[in-house]
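The structure under discussion appears below in the form of structure tokens.
This one's a predicted model, so the numbers in the text were calculated from it and none came from an experiment. Letters A, B, ... mirror the listed sequences (proteins, then strands); counts begin at 1.
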Amino acid sequence: MARPNKEIQALLQEYADLILITGGDAFRARAYEKAARAIGGSRADVSQLDEKGLRDIPGVGKSIADKVVEYLRTGEMPEMGEVRERIPSGVRHLVEIPMLGPKKAKILYDDLGISSVPALREAIEQGRLRDLKGFGPKTEENILHGIELLRVAGERIPLNVATELAEEVVAALNEVEGCEKCTWAGSLRRMRETVGDVDILVAARRSEPFMEAFRALPYVAETIAQGEKKTSIRTSTGTQVDLRVVPPGSWGAALIYFTGSKAHNIRLREMAVRRRLKLSEYGLFHAKSGKKIVSETEEEVYARLDLPWIPPTLREDRGEIAAALHDGPRRSGGSRASRGSHEAEKEKESESADEPQQLPELLTESDIKGDLHTHTNLTDGLASLEDMVDAAARRGLLYYAVTDHAPELRMQQMTEEKILAQRERVRELDGKRRKMRLLHGTELNIGPGGDVDWPEDFLRDFDICVASVHSHFNQNRDAQTRRLLRACDNPRIHIIGHPTTRIIGKREGLDVDLDAVFAACARTGTALEINAHPHRLDLHDEHILRAKHHGVKFAVNTDAHSLPDLECLGYGVGMAQRGWLTADQVINTWPLRRLRSFLRTPQP
DNA sequence: GCCGTTTTCGGCCCGACTGTTTTCAGTCG
């Protein structure tokens, strides 16, 4: 997505936050927030738009359009400068703490002069919040917990942010003369749900031009370390990026080494040692002579260790080595390793895994035929039905479900009339965009007792029903579990959306007996969503691995609320891969006929 | 600050929950 959009979005959002913190008009703040979201979600590159074009974006009026034009022209927004001078930037970080909003942040700053998260923690520890109006012991406790959540998440960045950054760095370094190969490695390549720092690997004969180009990137704020083989920088948004340049002949070994995980690498090195070899980022060598054996591609290195190539998303030391040994090196062309040592290895590695299994034929993004959870501006989406459908069709989907929010999510003001009118329009558009077929559905709200919004006979006429928890996050474990089990038992519900409802770094998942839910899903034929939104990624890999054992089916959905959201599918696929899923276990890889039959089958 | 077929002023998603209070403010979705 266009970088200026994100920049403007952040700027307007910051301005909205500051309006609230200074006690300004809440509606004015909301207007900025809305405009920020609309610009962030807009397909058009705002830096290419004039005032008129900007005002065509819903929620952007004359005042905001003028400010944006001014900012794009001069790099400044005068109003912002003024308010920034009055409010230290740290005060704004206070509202990033869950449970702490602008009103409380203002009190903390006005009465106690607290202008940073560490200062707030200190003030709580010193008991200085005790006589502040509206702050009790429970609030203190919640704030401390919120700070902890923030700290844990704050050191890591969301997968999409890291991906966008890595794409830019790789694109820039690919332009440097002498670049033979360039890609990202590390936890980003393994598609972990959050990323601590971004690792970039280049294959080239000379490293200096790359180090130089790297340090000169426009968003580099500081150089942390610089040398011949490695340079580390920090971006203006605080993310560390490491660049390693290796000789082209070492590419494969280096890519394995820098992709990790550490545990996976240790296992590989142990296997090398048992073969009287030595594995490093420069290659696989004879231990005694130091003579290089292989190092050019990942496949070669794995094969020489009697393994097929292992997909990066599996390299977490969760049994993938044992599974790969089970398969042997055949897939990658094979080697002439001695039979005896191979068999011994299998046994040894199998001991450490719970049960020997084969490497799965992993789900890939191209296996996904449709998206089964999406929104439009009929509720809280940013784009119209027509635009969402067009964009989905352009992405090559064969089918697409429109599932706007049901009435219990009251802020969306859904009614039967509205959803029926939408259904008519969906029927008209069905098959009209690159022959993509449309399903009309809804995202129901699972109430505190497990009931859902609309009556049974109204639900029957939807092609598909996703049901999700949007409220009452703090019920006790028993109640929460009963609630979800009741939803699983509802024959009208096909998919449980974002099953744990966690928001990465913001909100923990529900306290619920997930194994009971997984078992119920398997029993009733209710699919579990793998929500691809980078802030959710829910279920996550470990849950998927557990659910899979129960025999559950999954749906990898974007939950798109805007056109760019449709592009997030790959993050969900990454999570599914980390959960060792094959295409057949994911219902939206199925042909439409099979999917429809699954949706129609009355559940026991 | 934005918006409009009930409009150019006066609304602005609205209800629930939590923790603080003693009738309500702040936060969330």
Side-chain angles (χ1 to χ4, degrees), chain A residues 8 11-13 15-39 51 54-68 70 77 79-80 83 94-108 110 124 129-146 149 375 377-382 404-415 418 443-449 453 468-476 479-480 497-498 501-503 506-508 510 533 535-536 538 559 561:
Chain A
I8 301 291
L11 189 77
L12 295 176
Q13 180 63 54
Y15 194 59
D17 291 348
L18 290 172
I19 289 171
L20 290 173
I21 292 168
T22 53
D25 178 19
F27 290 117
R28 200 171 147 248
R30 191 177 294 165
Y32 277 98
E33 236 167 66
K34 201 176 160 201
R37 270 209 327 145
I39 287 174
E51 195 245 11
L54 282 163
R55 291 188 63 177
D56 284 342
I57 299 173
V60 179
K62 174 152 178 48
S63 171
I64 291 181
D66 283 345
K67 288 190 176 73
V68 171
E70 168 85 353
M77 204 175 102
E79 295 85 346
M80 182 69 128
V83 67
L94 297 181
V95 303
E96 288 168 10
I97 300 170
M99 309 297 294
L100 185 66
K103 296 283 167 57
K104 283 196 160 70
K106 180 171 160 53
I107 294 173
L108 289 168
D110 287 347
I124 293 173
L129 268 57
R130 295 282 154 76
D131 18 332
L132 230 47
K133 191 173 152 59
F135 288 77
K138 198 72 191 167
T139 303
E140 286 188 359
E141 196 182 299
N142 283 339
I143 292 175
L144 284 176
H145 182 239
L149 262 183
H375 297 272
N377 60 6
L378 184 61
T379 56
D380 58 349
L382 288 171
D404 269 315
H405 289 288
E408 267 308 303
L409 202 61
R410 294 187 188 281
M411 57 183 174
Q412 307 302 348
Q413 298 191 304
M414 178 53 83
T415 62
K418 284 191 194 173
E443 183 183 12
L444 299 164
N445 299 287
I446 303 175
D453 312 54
S468 319
V469 169
H470 293 112
S471 65
H472 301 82
F473 305 118
N474 294 324
Q475 296 191 103
N476 70 45
Q480 210 71 273
H498 44 77
T501 81
R502 66 123 174 219
I503 305 285
K506 285 272 184 190
R507 185 174 68 210
E508 285 164 58
L510 301 174
H533 196 285
H535 291 157
R536 289 199 186 269
D538 179 15
D559 192 3
H561 284 70

Which nucleotide sits closest to the side chain of A/K138: B/dT20, B/dG29, B/dC2?
B/dT20
Could you tell me the Watson-Crick or G-U partner of B/dG19, where both distances fall under 3.5 Å? Say none if there is no partner.
B/dC24
Would you mind reading off the distance between A/Q480 atom CD and B/dC17 atom P, rounded to a whole angstrom?
12 Å
Measure the distance from CG on A/D17 to P on B/dC28 and round it to the nearest whole Å.
11 Å
Are the side chains of A/K104 and A/M99 in touch, meaning some heavy atoms are under 4.5 Å apart?
no
Between A/P98 and A/F135, the residue closer to the 5' end of DNA chain B by nearest nucleotide is A/F135
C1' atoms of B/dT20 and B/dG26, separation to the nearest Å:
10 Å
Measure from the side chain of A/K103, starting at C-beta and using heavy atoms only, and say which of B/dG29, B/dC2, B/dG26 lies closest.
B/dG26
Say we look at B/dC13 and B/dC3: how far apart would their C1' atoms be, to the nearest angstrom?
15 Å
Distance in angstrom units between A/L132 CG and B/dG19 P, rounded
17 Å
Selected nucleotide, minimal atom distance to A/N474 side chain, candidates B/dG26, B/dT18, B/dT20
B/dT18
Output the rounded distance in Å from CZ (A/R130) to P (B/dT20).
11 Å
For nucleotides B/dT18 and B/dT23, find the distance between their C1' atoms and express it as a whole number of Å.
15 Å
Go through the structure and list residues passing salt bridge (Lys or Arg N to Asp or Glu O under 4.0 Å) with A/D404, not counting sequence neighbours.
none
Quote, to the nearest angstrom, the P distance that separates B/dC2 from B/dT6.
23 Å
In whole angstrom, give the distance that lies between atom NE2 of A/H405 and atom P of B/dC28.
18 Å
A/H472 side chain near B/dA16 phosphate (N/O to OP1/OP2, under 4.0 Å):
no
When the ring centroid of A/H405 is compared with that of A/H470, is the distance short of 6.0 Å?
yes
Determine the interatomic distance between C1' on B/dT5 and the same-named atom on B/dG1; round to the nearest Å.
23 Å
Among B/dG1, B/dT20, B/dT27, the one nearest any side-chain atom of A/F27 is B/dG1
Rounding to 0.5 Å, atoms NZ (A/K103) and CG (A/L20) come to a distance of 7.5 Å
Considering only B/dT27, B/dT18, B/dC2, which nucleotide approaches the side chain of A/A31 most closely?
B/dC2
Nearest 0.5 Å, what's the CD-NZ distance between A/E79 and A/K67?
4.5 Å
Check every strand shown and say whether A/R507 touches a base, only sugar-phosphate, or nothing at a heavy-atom separation below 4.0 Å.
sugar-phosphate
If we ignore angles and hydrogens, is there a donor and acceptor under 3.5 Å between the side chains of A/H145 and A/E508?
yes
Inter-nucleotide C1' distance (B/dG15, B/dC9), Å rounded:
27 Å
I want to verify a distance call: between B/dT20, B/dG29, B/dG26, whose nearest atom is closest to the A/K104 side chain?
B/dG26
Tell me: CD of A/E33 to P of B/dG1, nearest whole Å?
15 Å
Select base, sugar-phosphate, or nothing to describe what A/K62 touches, counting heavy atoms under 4.0 Å on all strands.
sugar-phosphate
For the side chain of A/D25, starting at C-beta, report the closest nucleotide among B/dT20, B/dG1, B/dT27.
B/dG1
Side-chain N or O of A/K67 less than 4.0 angstrom from OP1 or OP2 on B/dG1?
yes
Please check if the number of heavy atoms outside A/K34 that lie under 6.0 Å from its NZ is greater than 12.
no
Which of the following nucleotides, B/dG1, B/dT18, B/dT27, is nearest to the side chain of A/R28?
B/dG1
Closest-nucleotide ordering on DNA chain B, the 5'-leading residue of A/K133 and A/F473:
A/K133
So, does A/S471 get its side chain near the phosphate of B/dC17, meaning an N or O under 4.0 Å from OP1 or OP2?
no
When rounded to the nearest Å, what value does the distance between P atoms of B/dA16 and B/dG11 take?
23 Å
For A/N142, answer base if it contacts any base atom (sugar-phosphate contacts may also be present), sugar-phosphate if it contacts only those atoms, and nothing otherwise; contact means non-hydrogen atoms under 4.0 Å.
sugar-phosphate
Choose from B/dG1, B/dC13, B/dA16 the nucleotide whose nearest atom is closest to any side-chain atom of A/Y32.
B/dG1
Can you check the A/I107 CD1 to B/dA25 C1' distance for me, whole Å?
9 Å
To the closest 0.5 Å, what do you measure between NZ (A/K506) and CZ (A/R536)?
13.5 Å
Under 4.0 angstrom, heavy atoms only, what part of the nucleic acid is A/K106 near: base, sugar-phosphate, or nothing?
nothing
Nearest to the side chain of A/P102, which nucleotide is it out of B/dT20, B/dT27, B/dG1?
B/dT27
Give the rounded distance in Å between these two atoms: CE of A/M414 and C1' of B/dC13.
13 Å
Within less than 4.0 Å of OP1 or OP2 of B/dC13, is there a side-chain N or O belonging to A/R30?
yes
